[in-house]
Amino acid sequence: MVIKYLLEKEFKQFFRSPILPKIVFAYPLLVLLIFPWVTNFNVEDMKVSVVDKDMSEVSRRFIRKVDNSKYFQLYNVRNNYGEALKDIEKGNADVILELPRGFGNDLETSGNPEALVAVNSVNEIKGSLGTGYLSAMLNGFVSGNAKGYGMNMYNPCKDYKLYMIPAIMVMILIILCGFIPALNIVNEKETGTMEQINVTPVSRFSFILAKLIPFWIMGLVSLTIGILISVLVYGMVPQGSFLTIYLGAMLFVFLVSGIGLVISNKASTMPQALFMMFFVVMIFVLMSGLFTPVSSMPLWARCFSYLVPPRYLIDIMRSVYIRGSGIADNSFNFSMLFLFTVLINIWAVLSYRKRT
Amino acid sequence: MIKAEHISKSYVSAGHAPVKALDDVSFSVSDGELFGLIGPDGSGKTTMFRILVTLILADKGVASVNGMDVVKDYEKIRNSVGYMPGRFSVYQDLTVNENINFFASLFGVDKEESMPLIEDIYGSLRPFGNRLAGALSGGMKQKLALCCALIHKPDVLFLDEPTTGVDPVSRKEFWQMLRNLRSNGITIMVSTPYMDEADMCDKIALMQKGMILALDTTENLISQMGNQVWGVSGNNMYKLLCDVRSYRGTLRCYPFGNSHHVFFNSQEPDISDFGNYLWGCGNENVKIERLEPCIEDCYLYITDGRRI
């Protein structure tokens, strides 16, 4: 079998390459040890400048409560709004909390006191979360001892890492199984060895298959490393079965290697291939729900995200990891992945010509 | 046996006028012949090769290699020809032996069987068997590529500018190897931009602008030229060139190394009149001598010195 010799050659080249073997191990390690900490949208320790016009026992109690929460930290108490605004302008404070005269009185008589919250919203997430937290705190303060019960389903500590890590693993697969083999093929084109192979009886199919198989294996190895890291470092064990994860991953690996093939067929030089990849990766990262949830996108973007295949695997990974879903629960995601795998690989075959 | 009939090929790119790479080219190469395509860069040599080794399709015309059509029987052709592209294209990150073994296994042949054929070439590579191909010298790389192209004992060998960028000694050696291969019965088609290599071929085709201008043995081409070549040199070479060209008996004149080569209208030119004319124009130290024409004279004569 000629494919055996082709594979032998690919593996030789792979392990002889100065970076590729390192990428398989270092990439998931690096990405999973660093990314979950930086892509953290939890907001803590916002500095509050307080304007207390009420100066009552009640208002002081509320300020203490705010200061004691883990989200806020009292920066200073100012006499008027203007002074507090200066704190924000200088960057010393993030939030102004103004308690109007009669705050304590209102609470006792109508139970409906008002307070002004002004937030520096340059960072939109920090801004809206700050407002939200403070209002929630005020409501809690008003209702006094009557406690409201909120429950965070599936992710009780609202840990952002639990949300990000399964998605980051998908990124690893995109890079390792989609882009590296594509660059590898374009490299053969560029150095002219492709032409040499083309005049041999080797069929295109076996040549490409021999290119992809090593990276399929490496991709799954990398994923496994990623899963191990998330268990060892973050103590994250998927609630669902590994079978679902690996099945989705394998389907996805075929899909992204198809995308890689299309790119390698269209590009004739490495820079061309790289720029096409940047383009695709940007769309994948921003539109697939990797960072920002698809549900918070405008309608047109939500529709578009159905065309972004990583969306489905990210969905599967998150649901298996966090909710413990199985294959049946993800039947829509699986069938969409399957559909895209077929479509993209047909495109890859059509876009390839051994002769022009 | 290689046969090309009325082959035309244009390259089309969006927004540009199509570039005609080959324009109605016909030629044939007999079995066991060493055939040279001689022409400057951009004359269509590589395009011709790529059509014959089934990498691209011609727009018009038919071509066959050993009786196999380049379009219909491309799979058979790929089994029986060896091709060495202009760029060094074996795997730089595999060793010499790994490359040879790899190409042998692609063709499903035993390397040892082909050894007698490549022994001559492989001999000098043997000490570097475990060296990465990327670390070889230019001449050695060329030998390795030739070994890989020969590993399956092809009937026809296509070599696209195999000596470009190779030092003069290695070039000589390389041509000697080609002549040895030819004596093994392999038909060889080779292209080169170097005119001096034309003498090493049995037959050559002079190409320009995608057309074959002349096709014959070097001796025939030179003798067919008929005219004699004279070399003229003097103190001010540029003024001399202009003056020679303005002489009424001059047919063509080109700068050629350190003298100008002149073709006259008549077979028996009046050299003393010519000398007097140049002297009268104010040229000093004028030397006029009769030269043995070479293939380069032939090329310049046919193309009238124009490159494009």
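Computed from a predicted model, the values in this text were never measured in an experiment. Residue numbering restarts at 1 for every chain, and letters A, B, ... go by the order of the sequence lines. Reckoned from all heavy atoms, side chains included, excluding hydrogens, waters and symmetry mates.
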Practice item. Before giving the answer on side-chain contact (heavy atoms from CB on, under 4.5 Å), spell out for V81(B) and V199(A) the whole-Å C-alpha distance, their side-chain angles and the decisive distance to 0.1 Å. Key: CA-CA 8 Å; V81(B) 305; V199(A) 290; 5.6 Å; no

Exercise for review: Kindly determine whether Q92(B) and T191(A) satisfy side-chain contact (heavy atoms from CB on, under 4.5 Å), including the steps that lead there.
Suggested key: CA-CA 9 Å; Q92(B) 315 250 4; T191(A) 53; 5.8 Å; no

Review point. Going through the distances and angles, do T200(A) and Y83(B) end up as a side-chain contact (heavy atoms from CB on, under 4.5 Å)?
Key: CA-CA 9 Å; T200(A) 65; Y83(B) 173 49; over 6 Å; no

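Looking at T193(A), the atoms closer than 4.5 Å to chain B (heavy atoms on both sides) sit in the backbone and in the side chain alike. With a 4.5 angstrom heavy-atom cutoff, L132(B) touches chain A only via side-chain atoms. Contact annotation for F103(B): only side-chain heavy atoms (C-beta onward) come within less than 4.5 Å of a heavy atom of chain A. Neither the backbone nor the side chain of S80(B) comes within less than 4.5 Å of any heavy atom of chain A.
The local environment of CH2 in W347(A) is sparse, with at most 12 non-hydrogen atoms from other residues, nucleotides or ligands closer than 6.0 Å. More than 12 non-hydrogen atoms from other residues, nucleotides or ligands lie less than 6.0 angstrom from NZ of K111(B). No more than 12 heavy-atom neighbours from other residues, nucleotides or ligands sit within 6.0 angstrom of CZ on F279(A). Other residues, nucleotides and ligands contribute only 12 or fewer heavy atoms inside 6.0 Å of the NZ atom of K3(B). Around OH of Y11(B), the count of heavy atoms belonging to other residues, nucleotides or ligands within 6.0 Å exceeds 12.
To the nearest 0.5 angstrom, L106(B) atom CG is 9.5 Å from F207(A) atom CZ. Atom CG of N198(A) is separated from atom CZ of R50(B) by 9.0 Å, given to the nearest 0.5 angstrom.
Of the listed residues L94(B), V90(B), V53(B), I77(B), the one with more heavy-atom pairs under 4.5 angstrom with chain A than any other is L94(B).
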Atom pairs and distances, side-chain donor-acceptor, residues 1-9 of chain A, under 3.5 Å, sequence neighbours left out:
from, atom 1, to, atom 2, distance (Å)
K9(A), NZ, E188(A), OE2, 2.9
K9(A), NZ, Y91(B), OH, 3.2

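For residues 17-32 of chain B, a heavy-atom distance under 4.5 Å to chain A picks out no residue at all.
R87(B) places a side-chain N or O within 3.5 Å of a backbone atom of E190(A) that can act as its donor or acceptor partner. For Q196(A) (side chain) and A149(B) (main-chain N/O), no donor-acceptor pair under 3.5 Å exists by modelled atom type.
At a threshold of 4.5 Å between non-hydrogen side-chain atoms, the residues E98(B) and R16(A) count as touching.
Judged as a salt bridge (charged side-chain N to carboxylate O under 4.0 Å, His left out), and not counting sequence neighbours, E75(B) has no contacts. For D202(B), the side-chain hydrogen bond (donor to acceptor under 3.5 Å, both in side chains) partners two or more places apart in sequence, or in a different chain, are R182(B).
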